[in-house]
Amino acid sequence: MAAHLSFKEREDFTRRLKTSLKNVGLNPNSPTQLIRAFLERADGLKVSHSTVYKWLLGEALPDTRNMEIVAGVCNVCPHWLRTGSTKQNEANAQEMSEH
């Protein structure tokens, strides 16, 4: 998923992820803490330490299902976590561009 994303997009994702983790009381530099929280919500899905480490470094982004779980851990919207925008912001931008 991250192959087509720019360095800035991956860097911005990592910044949002780490800020969100900190806001819910998890260490934003601890793959282990994120894995534990992920597994509590994952309903049988597994994730490796190296995969989570890549998320925290901005080397990769979670796939759609994993993004939903990570966003749930962080108590944020998956779309916002991935893109930095809310659907409402996108709708407003689209409406403004049509006028």
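Because only heavy atoms are used, hydrogens play no part in the values below, and waters and symmetry mates are left out as well, while side chains stay in.
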Could you grab the distance from atom NE2 of His49 to atom OG1 of Thr32, nearest 0.5 Å is fine? 4.0 Å
How long is the gap from CD1 on Ile69 to CG on Asp63, to the nearest 0.5 Å? 8.5 Å
What about [X] and [Y], same hydrophobic cluster or not, with Ile/Leu/Val/Met/Phe/Trp/Tyr joined at side-chain heavy-atom distances under 4.5 Å?
| X | Y | answer |
| --- | --- | --- |
| Val24 | Leu56 | yes |
| Val52 | Leu45 | yes |
| Leu39 | Met67 | yes |

Under 4.5 Å between any side-chain heavy atoms of [X] and [Y], yes or no?
| X | Y | answer |
| --- | --- | --- |
| Ser20 | Asn75 | no |
| Pro28 | Thr19 | no |
| Val73 | Leu26 | yes |
| Trp55 | Leu17 | yes |
| Lys18 | Asn29 | yes |

Any donor and acceptor pair, going by atom type alone, linking the side chain of [X] with main-chain N or O of [Y] inside 3.5 Å?
| X | Y | value |
| --- | --- | --- |
| Arg10 | Leu61 | no |
| Thr51 | Val47 | no |
| Gln33 | Asn27 | yes |

Apply salt bridge (charged side-chain N to carboxylate O under 4.0 Å, His left out) to the pair Glu68 and Arg65, showing each step before the final yes or no. CA-CA 5 Å; Glu68 290 172 2; Arg65 179 66 184 126; 3.2 Å; yes
Where do Cys74 and Leu21 land on the side-chain contact (heavy atoms from CB on, under 4.5 Å) test, with the steps shown first? CA-CA 6 Å; Cys74 295; Leu21 289 169; 3.7 Å; yes
Atom CZ of Arg15 with >12 non-hydrogen neighbours under 6.0 angstrom: yes
Show the nearest heavy-atom pair for residues Pro62 and Phe13, with the distance to one decimal. CD-CZ, 3.5 Å
Taking atom types as modelled, find out whether Ser50 and Ser48 have a side-chain donor-acceptor pair closer than 3.5 angstrom. yes
Applying side-chain contact (heavy atoms from CB on, under 4.5 Å) to Arg41 and Val70, what does each step give before you reach the verdict? CA-CA 9 Å; Arg41 294 175 170 262; Val70 172; over 6 Å; no
